[in-house]
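As a basis for the values below, the full set of heavy atoms in this structure was taken, side chains included, without hydrogen atoms, waters or symmetry mates. Read the numbers this way: they start at 1 and go in the same order the structure lists the ligands and their atoms. For the single chain, residues carry numbers from 1 onward in sequence order.
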Amino acid sequence: MLCTKCGSRNVIIHRRYSGQYLCKECFIKAIQKKVLKDIKKYKLIKKSDKVLVALSGGKDSTTVIDILSILAERNIIELEVITIDEGIGDYRKKGIQYASKTCKELGIPQHIFSFKKHFKVTIDEIMASKPPRKACTYCGVLRRWIINKEAEKLGADKIATGHNLDDEVQAIVMNYLEGNIENLIRIGPTTYSQKFVTKIKPLREIPEEEVTAYVMAKGLNVHLEECPYRKTSFRKKIGTILTKLSEDHPTILYSTLRGHEKIRKALKKELEGESILRACIRCGQPAARDLCRACTLLNEIGRLEDEIHSNNR
Ligand code: FES
Ligand code: ZN
């Protein structure tokens with residue numbers, strides 16, 4: 001097969017959803033072009049924004065920083081990195097080493113914060129206490145709590161995360177199956193709320209296998225290990241089903257995403273004003289009820305001590 005764009009013989013990828021064959025150079029260019037185009041199309045970033053990339057050292061967030069550094073080099077944006085240490089054995093330690101190496105190479109300032117310092121507990125310690133929920137719930141909610149709080153302190157205009165197409169569609173299907181309509185309407189290219197720094201997802205329309213191919217094609221330095229808690233997650237089960245479905249229906253991820261965009265518009269109108277955020281009575285962060293999600297979870301497992309949050313106010 002020849003590259004659909006330049007005719008070269010060195011094809012490295014076949015896009016089954018579009019029929020294209022691409023060589024390494026054309027593939028790298030195509031990914032960068034698509035991401036930069038989506039940034040424009042969805043107005044993810046504006047000139048002079050200070051963008052904080054949530055970098056774990058994994059393939060997705062490393063791809064985000066690699067592509068956003070093109071905009072930083074052109075002095076269009078200011079780029080910094082936030083890395084969270086959730087306290088997941090060696091897995092997280094290695095990830096942080098990869099993330100730090102990338103920041104050093106690109107000359108981007110990195111800020112590292114840990115669960116241990118903020119909450120006085122790590123994910124490993126929470127899970128060892130046999131809590132009622134799965135690791136990903138604690139990990140996701142507590143990580144977002146730190147990122148939101150620190151991004152504001154760092155004066156960031158945007159927080160860029162590494163969510164790819166597969167992640168987004170998994171989230172749509174998961175929330176749909178769980179009947180979680182409030183979460184369903186929050187899924188989108190940006191998560192805007194007056195009370196949080198806006199989150200953006202530059203890779204939202206890039207399939208996971210293309211993110212992996214990009215990392216390999218560019219020889220990026222990434223941590224490829226899987227989180228030890230992922231095996232048991234609902235997300236992983238949904239991901240396996242969607243990957244299987246995509247074998248016979250290669251456009252299914254894009255059609256689910258587009259369908260969700262239409263549903264979201266309709267639902268947003270319907271539910272407008274239903275989830276007004278106020279300040280959490282313990283930590284002051286935005287909350288839908290008296291306590292925010294992070295404080296609710298910590299309270300549930302007996303970890304909401306006064307000093308934990310008073311340190312962080
Ligand atoms: Fe869920 Fe690591 S805690 S993937
Ligand atoms: Zn709180």
| Pairs flagged by salt bridge (Lys or Arg N to Asp or Glu O under 4.0 Å) wherever residues 155-172 is involved - sequence neighbours left out | D49-K158, E168-K201, E168-R204

| request: Give the minimum heavy-atom separation between D60 and G162, together with the two atoms involved. | output: CB-O, 3.1 Å

| query | Rounded to 10°, how many degrees is the angle SG/C280-the Zn ion (ligand 2)-SG/C283? | reply | 110°

| message | Please determine whether a side-chain nitrogen of the Lys or Arg among E225 and R230 lies less than 4.0 Å from a carboxylate oxygen of the Asp or Glu. | response | no

| Would T190 and T198 count as having a side-chain donor-acceptor pair, cut-off 3.5 Å? | no

| If we ignore angles and hydrogens, is there a donor and acceptor under 3.5 Å between the side chains of Y214 and Q32? | yes

| Going by chain and residue number, what protein N/O/S atoms come nearer than 2.8 Å to atom 1 (Fe) of ligand 1? | C136 SG

| Residues E125, R303: salt bridge by 4.0 Å N-O rule | no

